[in-house]
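Take a look at the structure below.
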Amino acid sequence: MKVLVPVKRVLDYNIKARPKADGSGVELTGLKMSMNPFDEIAMEAAIRLKESGQATEIIAVSCGALTCQDTLRTALALGADRAVLVETEVELQPLAVAKLLKALVIREQPGLVICGKQAIDDDSNQTGQMLAALLGWAQATFASRIELGEGSASITREIDGGLETLSIRLPAVITTDLRLNEPRYATLPNIMKAKKKPLESVTPDTLEVDVRPRLTLIKVSEPPARQGGIKVKDVAQLLDKLKNEAKVI
Amino acid sequence: MTILVVAEHDNQHLKAATRHVLAAAQAIGGEVHVLVAGQGCSTVAEAARTLPGVTCVKLAQGEALASAGAENMTDLVLGLAREYTHLLGAASAIGKNWMPRLAAKLDVAQISDIIRVDSPDTFTRPIYAGSIWATVRSVDPIKVITVRTTAFQAVAETGGAARLELVTGMTDSGLSRRTDLRLNILSRPELEAARVVVSGGRGLGSAERYRELLEPLADKLNAALGASRAAVDLGYVPNDYQVGQTGKVVAPDLYIAVGISGAIQHLAGMKTSRVIVAINKDPDAPIFAVADYGLVGDLNQVVPELTAVL
């Protein structure tokens with residue numbers, strides 16, 4: 001069974017995002033970009049399926065500018081067998097990405113798509129669910145455990161207040177939560193080997209997908225800053241402040 | 001404009017999240033209907049009928065909807081969607097799961113996790129873990145929206161008298177079936193609805209210390225318990241205690257952060273709390289930059305002392 005893993009190039013999670021001075025977008029110039037952390041977890045899940053003999057091939061896909069090749073090379077170094085870049089300069093929104101992925105799924109016929117549950121840049125949490133919808137497949141979001149069976153999978157999901165286990169029909173889309181696994185790092189020999197693995201480029205046009213944005217960004221801004229307060233010297237003063245100043249207890 | 005608010009419930013109780021989403025709907029304006037979809041949930045529908053400003057409650061019941069699975073919820077609402085200009089749900093584990101599926105079936109964008117209604121087609125939402133707010137306008141004919149419940153003050157529980165309509169013709173996609181459900185038994189308020197939240201981080205050192213120090217404090221304050229991602233990853237508490245960018249977003253009247261350094265990802269989940277207290281031994285911890293009252297000290301001494309005087 002082939003497994004398809006979409007990976008997104010995002011601002012590294014250690015860097016605090018700031019708006020551009022004119023509010024037209026987020027400042028990314030010159031800043032470190034990395035693979036979305038939830039996509040690393042998705043990659044790891046796919047690699048483990050391959051290591052256990054349940055998956056035969058891992059195809060990593062990224063949609064965006066040419067620089068997304070870096071993210072795909074990382075995926076190849078981690079263990080993807082080949083990569084596909086859907087190259088476009090258009091700002092892609094989740095619905096457009098889901099449509100691009102659908103076109104590739106139809107071409108590649110994977111038995112499973114494993115996505116990160118959300119990208120840490122736009123925090124949309126949509127693409128996997130949208131892809132499942134467009135394909136008419138089952139979906140299991142926020143997965144913390146994956147167990148594949150014959151034609152079905154048992155997926156444990158993180159929900160409000162606890163855990164839910166679903167039995168879903170395959171093929172399906174799974175999105176990963178934080179605690180599904182601990183992703184590995186790419187080793188130097190594997191980074192070298194990744195340079196020789198196949199990386200194909202296609203475009204939205206060749207996939208016949210309309211990727212025009214549906215949401216217009218009016219502006220971005222910094223949220224109102226929260227004013228730091230004071231340091232209290234001891235518990236007695238804290239209690240006094242909470243009772244008499246903040247009046248919360 | 002007619003807006004459909006999808007109720008958040010557990011088949012027995014209408015959850016408070018619904019009243020927050022309703023507030024967002026009222027900020028958009030127009031007629032508001034509420035959908036209660038589930039199984040054996042007619043008491044939920046009765047509660048929804050009294051919500052202020054709601055003119056119609058649609059009740060859809062059936063085995064296929066018992067667990068609010070994404071595939072069946074989507075198919076159900078797809079059948080109703082064309083009557084509405086806006087479809088709103090909570091940005092909860094349930095809403096986040098099925099609403100994007102619906103949006104894709106309708107070939108429209110979803111606007112996730114809104115915190116402000118700027119106009120009926122323009123909304124503000126946090127991105128980059130809340131470090132930035134983005135204001136976006138949707139050109140789609142139907143707006144599919146999830147609402148960050150803490151950003152909208154809940155409407156009252158009563159005051160309305162909506163008519164009840166039954167929705168029939170549910171089908172089961174057969175794609176997915178719940179085989180197990182393990183809910184943590186809570187003897188405390190729910191994290192997202194609590195007036196006071198006591199939250200613990202790596203500084204507590206162990207699951208035992210978390211319990212020994214924070215449970216008595218939470219008991220005194222009738223508080224919910226939360227945690228940083230570090231505390232969850234270290235196994236101090238279950239996953240659904242996590243407050244932050246990818247966990248729960250809370251905005252209680254009082255948030256007490258104990259042994260939490262204050263990573264951006266954590267601040268994203270709590271920085272709109274009304275009053276924040278931080279207890280940490282490191283005077284330079286970033287949590288102090290957002291705390292109204294910071295207490296630098298050993299939590300092993302400070303927390304029991306605070307518990308004792310409350």
Side-chain angles (χ1 to χ4, degrees), chain A residues 11 16-19 26 93-95 98 118 120-126 129-130 132-134 137-142 144 154 158-169 178-179 214-223 226 228-232 235-236 238-239 241-242 246 248-249, chain B residues 70-71 74 92-93 96-97 100-101 103-105 108-113 122 126-140 175-184 221 239-240 245-246 253-254 264 271 274-275 277 288-296 302 305-306 309-310:
Chain A
L11 183 65
K16 183 171 161 48
R18 296 189 191 283
V26 178
Q93 294 177 351
L95 183 61
Q118 78 191 63
I120 60 163
D121 50 3
D122 62 17
D123 284 330
S124 287
N125 195 332
Q126 298 175 8
Q129 296 90 314
M130 287 184 153
L134 298 175
W137 288 7
Q139 68 178 61
T141 54
F142 324 146
S144 62
S154 175
E158 297 193 8
I159 60 168
D160 292 338
L163 295 171
E164 170 187 69
T165 304
L166 298 179
S167 170
I168 57 169
R169 204 194 286 169
L178 279 176
R179 281 159 284 269
R214 300 296 188 82
L215 298 179
T216 310
L217 182 67
I218 308 294
K219 63 165 184 190
V220 299
S221 55
E222 295 221 43
R226 189 181 178 102
I230 56 159
K231 294 250 172 74
V232 292
V235 166
L238 175 63
L239 192 67
K241 292 284 183 193
L242 291 177
V248 282
I249 56 172
Chain B
E71 296 83 359
T74 299
S92 62
K96 287 179 189 170
N97 182 41
R101 189 176 178 102
K105 290 271 191 192
V108 301
Q110 173 177 286
I111 308 139
S112 295
D113 215 15
T122 305
I127 57 175
Y128 288 88
S131 298
I132 294 182
W133 286 1
T135 302
V136 295
R137 177 180 298 141
S138 164
V139 296
D140 288 318
L175 290 171
S176 171
R177 165 172 68 82
R178 180 188 277 173
T179 55
D180 192 25
L181 177 66
R182 293 190 184 186
L183 294 179
N184 304 317
L221 292 165
N239 300 341
D240 67 321
Q245 179 184 20
T246 64
D253 283 346
L254 176 60
I264 296 172
K271 70 180 174 190
R274 192 159 82 73
V275 175
V277 170
F288 288 121
V290 301
D292 299 280
Y293 305 113
L295 181 49
V296 179
V302 171
E305 208 184 316
L306 178 62
V309 296
L310 281 169

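No hydrogens, no waters, no symmetry mates; every other heavy atom, side chains included, goes into these values. Since the structure is predicted, the reported quantities are computational estimates derived from the model, not experimental observations. Below, chains carry the letters A, B, ... as their sequence lines are ordered, and counting in each starts from 1.
At least one side-chain heavy atom of B:Leu310 sits under 4.5 Å from a side-chain heavy atom of A:Leu239. Looking only at side-chain heavy atoms (C-beta outward), B:Leu181 and A:Ile159 come within less than 4.5 Å of each other. Taking 4.5 Å as the limit, some side-chain heavy atom of A:Val248 sits within range of a side-chain heavy atom of B:Arg274. With a 4.5 Å cut-off on side-chain heavy atoms, A:Ile249 and B:Leu221 count as touching. Residues B:Arg177 and A:Leu166 fail the side-chain proximity criterion, which asks for heavy atoms closer than 4.5 Å. In this structure the side chain of A:Leu217 never reaches within 4.5 angstrom of the side chain of B:Thr135, judged on heavy atoms. Taking 4.5 Å as the limit, every side-chain heavy atom of B:Leu175 sits out of range of all side-chain heavy atoms of A:Trp137. Side-chain atoms of A:Gln139 and B:Arg101, non-hydrogen and from C-beta on, do get closer than 4.5 Å to each other.
In terms of heavy-atom proximity, A:Phe142 sits nearest to B:Ala93 at CE1-O, 3.6 Å. Between B:Ser131 and A:Pro223, the shortest heavy-atom contact is O-CD, 3.1 Å. The shortest non-hydrogen separation linking A:Met130 to B:Pro100 is CG-O, 3.3 Å.
With a threshold of 4.5 angstrom between heavy atoms, A:Ala98 does not approach chain B through any atom at all. The contact between B:Asn184 and chain A is made by backbone and side chain atoms together, counting heavy-atom distances below 4.5 Å. Using a 4.5 Å cut-off between heavy atoms, A:Leu215 contacts chain B through both its backbone and its side chain. Heavy-atom distances place the side chain of B:Asp240, and not its backbone, under 4.5 Å from chain A. Both the backbone and the side chain of B:Glu305 have a heavy atom closer than 4.5 Å to some heavy atom of chain A. Interface residue A:Ile120: backbone and side-chain heavy atoms are both found under 4.5 Å from chain B. In this structure, chain A has a heavy atom under 4.5 Å from the backbone of B:Ala291, while its side chain stays farther away. When heavy atoms are compared at a cutoff of 4.5 Å, A:Leu95 approaches chain B solely by way of its side chain, counted from C-beta outward. The parts of A:Pro19 that come within reach of chain B are both its backbone and its side chain, each placing non-hydrogen atoms under 4.5 angstrom from that chain. Heavy atoms of B:Thr74 lying under 4.5 Å from chain A are absent altogether.
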Carefully, step by step, assess A:Thr216 and B:Val136 under the rule side chain to side chain contact (heavy atoms under 4.5 Å, CB included). CA-CA 5 Å; A:Thr216 310; B:Val136 295; over 6 Å; no
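For the pair A:Lys231 and B:Phe288, the cation-pi test (distance below 6.0 Å, angle within 45°) is passed.
Chosen from B:Val275, B:Asp253, B:Val296, the residue pairing most often with chain A at heavy-atom distances under 4.5 Å is B:Val275. Chain A forms the most heavy-atom pairs under 4.5 Å with one residue out of B:Val277, B:Thr122, B:Thr246, and that residue is B:Thr246. The most heavy-atom pairs under 4.5 Å with chain B, out of A:Thr141, A:Leu11, A:Val232, come from A:Val232. Counting heavy-atom pairs under 4.5 Å between each of A:Asp121, A:Leu134, A:Leu178 and chain B puts A:Asp121 at the top. The residue among A:Ser221, A:Gly228, A:Ala236 with the most heavy atom pairs within less than 4.5 Å of chain B is A:Ser221. Counting heavy-atom pairs under 4.5 Å between each of A:Ser167, A:Ala17, A:Ser154 and chain B puts A:Ser167 at the top. Interface remark: of the candidates A:Gly161, A:Gly229, A:Ala138, A:Gly162, A:Gly161 forms the most heavy-atom pairs closer than 4.5 Å to chain B. Highest contact tally toward chain A, considering only B:Ile264, B:Val302, B:Asp140, is held by B:Asp140 [criterion: heavy-atom pairs under 4.5 Å]. When each of A:Ile168, A:Ile218, A:Leu242, A:Val220 is checked for heavy-atom pairs under 4.5 Å with chain B, A:Ile218 comes out on top.
Note that the CD atom of A:Gln129 and the CG atom of B:Asn97 stand 6.5 Å from one another [nearest 0.5 Å]. The distance from the CD1 atom of B:Ile111 to the OG atom of A:Ser124 is 10.5 Å, given to the nearest 0.5 Å. Atom CD of residue A:Glu222 and atom CD1 of residue B:Ile132 lie 7.0 Å apart, to the nearest 0.5 angstrom. In this structure, CG on B:Asp113 lies 9.0 Å from CG on A:Asn125, to the nearest 0.5 angstrom. Distance check: A:Gln126 CD to B:Lys96 NZ gives 12.0 Å after rounding to the nearest 0.5 Å. Within the model, atoms CD of A:Gln93 and CD of B:Gln110 stand 12.0 Å from one another, a figure rounded to the nearest 0.5 Å.
Between the side chains of A:Asp123 and B:Gln245, at least one donor N or O lies within less than 3.5 Å of an accepting N or O.
More than 12 heavy-atom neighbours from other residues, nucleotides or ligands sit within 6.0 angstrom of NZ on A:Lys16.
Salt bridge B:Asp292/A:Arg226: present, at least one basic N to carboxylate O contact under 4.0 Å.
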